[in-house]
2 protein chains.
Amino acid sequence: MKLPESAEWVLHAAGSLAQLEPGGTASAARLAEHFDLPPAYLAKQLQALVRAGLFTATTGPRGGFRLARHPGDITLLEIVEAIDGTSPFYTCNEIRQQGRGAAPPEQCRQMCGLARHLHAAEDAWRARLAEVTLEDIVDGLPRGVQRRTRELLG
Amino acid sequence: MKLPESAEWVLHAAGSLAQLEPGGTASAARLAEHFDLPPAYLAKQLQALVRAGLFTATTGPRGGFRLARHPGDITLLEIVEAIDGTSPFYTCNEIRQQGRGAAPPEQCRQMCGLARHLHAAEDAWRARLAEVTLEDIVDGLPRGVQRRTRELLG
DNA sequence: AAATTGCGGATATCAAGTATCCGCAATAGC
DNA sequence: GCTATTGCGGATACTTGATATCCGCAATTT
Ligand code: SF4
Ligand code: SF4
């Protein structure tokens, strides 16, 4: 039950892009250097954000990644799910219908309390992440950080 | 980002014990048979609940596991954490302080927005699971299930 | 004493995340 | 056009944690 470390990476990458002037672009190599991360692997993870429609990529010199939408329109949940997927933490394998204590199917029409509560908890997690946008993150930055990011990355 | 399958197993095992008469006991072998699960591995996972203080184990014939507390006093969160641990989904590795864009330490006194929101989401998940007890689960069972569980497991 | 059961350790297997490399296509600048 | 830069996808290792089994030992019931 852990987010892949690459989730942290892309969250920071997205946060950095959001600090640039609108439409600002940074290459995978530049971002890897900025955070001291393995360039090849980071590049591969960033591609997942492109597939998810959060980043736009351009090839060639002066190319790289930029946000596909306004920072206020990209939530942390979208970024996390682009890397980690949308499959639930808890998957009910209907073990109550197997083995000696197998319950008859007519008792399994609806999800039991276990599965319901586990999914509800998961929804609470997702809902909380869906409330926060990249713009919120940038706005919460300490004074001077954004200027520095632009200097180094821009 | 997935709960181990064994979490599902012990949740069902705990739920089954909660359906027995107070203090009711079932061996690992019996529970494995009940749900058609690998006996050796299930036994090992059940031991983790004993270490967590949720189950009490007795050796010898007619021995096995029973709830250490009243079902109304055992939450789903405790069961999940006994298996999955309490370490956070998101661990901040302070990557903002590494690489070319390393931020000066005086800007890193407090947790940034990223880490704060990720942790808040996690807390929402935990809080939701902490609200539900085994008693709630048993109470929500369809009519007749508890009687059947007692017959088969008791 | 014998059978049952939990406990801890050692070990093997499997899946997912981490990490690298390659060839290819697209683009910018000359 | 030529070249350098950059993203893209596939193939391939490596590492880690979860799954799974087995063993000897201790405790308890009969
Ligand atoms: S529906 Fe509920 S009782 Fe049935 S297997 Fe899923 S979690 Fe268990
Ligand atoms: S505190 Fe925030 S900015 Fe710093 S490394 Fe952690 S998540 Fe990133």
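As the structure is a prediction and not an experimental result, all values here were calculated from the model. A note on names: the letters A, B, ... follow the listed sequences, proteins ahead of strands, and every chain is numbered from 1.
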Using atom [atom1] of [X] as one end and atom [atom2] of [N] as the other, report the distance to the nearest whole Å.
X: A/Phe55; N: D/dC8; atom1: CZ; atom2: P; result: 11 Å
X: B/Leu42; N: C/dT5; atom1: CG; atom2: P; result: 14 Å
X: A/Leu31; N: D/dT6; atom1: CG; atom2: P; result: 12 Å
X: A/Tyr41; N: C/dA16; atom1: OH; atom2: P; result: 13 Å
X: B/Lys2; N: C/dC14; atom1: NZ; atom2: C1'; result: 16 Å
X: B/Leu49; N: C/dC7; atom1: CG; atom2: C1'; result: 14 Å
X: B/Phe65; N: C/dT4; atom1: CZ; atom2: P; result: 17 Å
X: B/Leu3; N: D/dT19; atom1: CG; atom2: P; result: 10 Å

Could you please name the option among [options] that lies closest to any side-chain atom of [X]?
X: A/Pro61; options: C/dT20, C/dG6, D/dT5; result: D/dT5
X: B/Ser27; options: C/dT20, C/dG6, D/dC8; result: C/dG6
X: A/Glu5; options: C/dT18, C/dA19, D/dT19; result: C/dT18

Does A/Lys44 make a side-chain donor-acceptor contact with the base of D/dG10, cut-off 3.5 Å?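 Checked by distance alone, the answer is yes.
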Looking for any heavy atom pair under 4.0 Å, which part of the strands does A/Ala57 touch: base, sugar-phosphate only, or nothing?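 Touches sugar-phosphate only.
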Tell me what B/Ala28 touches on the nucleic acid: a base, only sugar-phosphate, or nothing, going by heavy atoms under 4.0 Å.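 The answer is sugar-phosphate, as B/Ala28 gets under 4.0 Å only of primed atoms, P, OP1 or OP2.
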Under 4.0 angstrom between [X] side-chain N/O and [N] OP1 or OP2:
X: A/Arg51; N: D/dG9; answer: yes
X: A/Ser6; N: C/dG17; answer: no
X: A/Thr58; N: D/dG7; answer: no
X: B/Arg62; N: C/dA3; answer: no

Sidechain N-carboxylate O distance under 4.0 Å for A/Arg69, A/Glu78: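 Judged by the 4.0 Å cut-off on N to carboxylate O distance, A/Arg69 and A/Glu78 do form a salt bridge.
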According to a hydrophobic-cluster definition based on side-chain heavy atoms being under 4.5 Å apart (Ile, Leu, Val, Met, Phe, Trp, Tyr only), do B/Leu3 and A/Ile95 belong together?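 Shared cluster, yes.
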On DNA chain D, check which nucleotide each of A/Met1 and A/Thr59 is closest to and give me the residue with the more 5' one.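 Residue closer to the 5' terminus by nearest nucleotide: A/Thr59.
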Parallel, tilted or perpendicular: which one describes the rings of A/Phe65 and A/Phe55, with boundaries at 30° and 60°?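 Tilted, since the angle between the ring planes falls between 30° and 60°.
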Taking the side chain as everything from C-beta on, heavy atoms only, tell me whether B/Leu76 gets closer than 4.5 Å to B/Ile137.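 Yes, side chains in contact.
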Compute both the distance and the angle, then confirm whether B/Arg128 meets the cation-pi test with A/Phe89: under 6.0 Å from the six-membered ring centre, within 45 degrees of the axis.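 Negative - B/Arg128 is either too far from the ring of A/Phe89 or too far off its axis.
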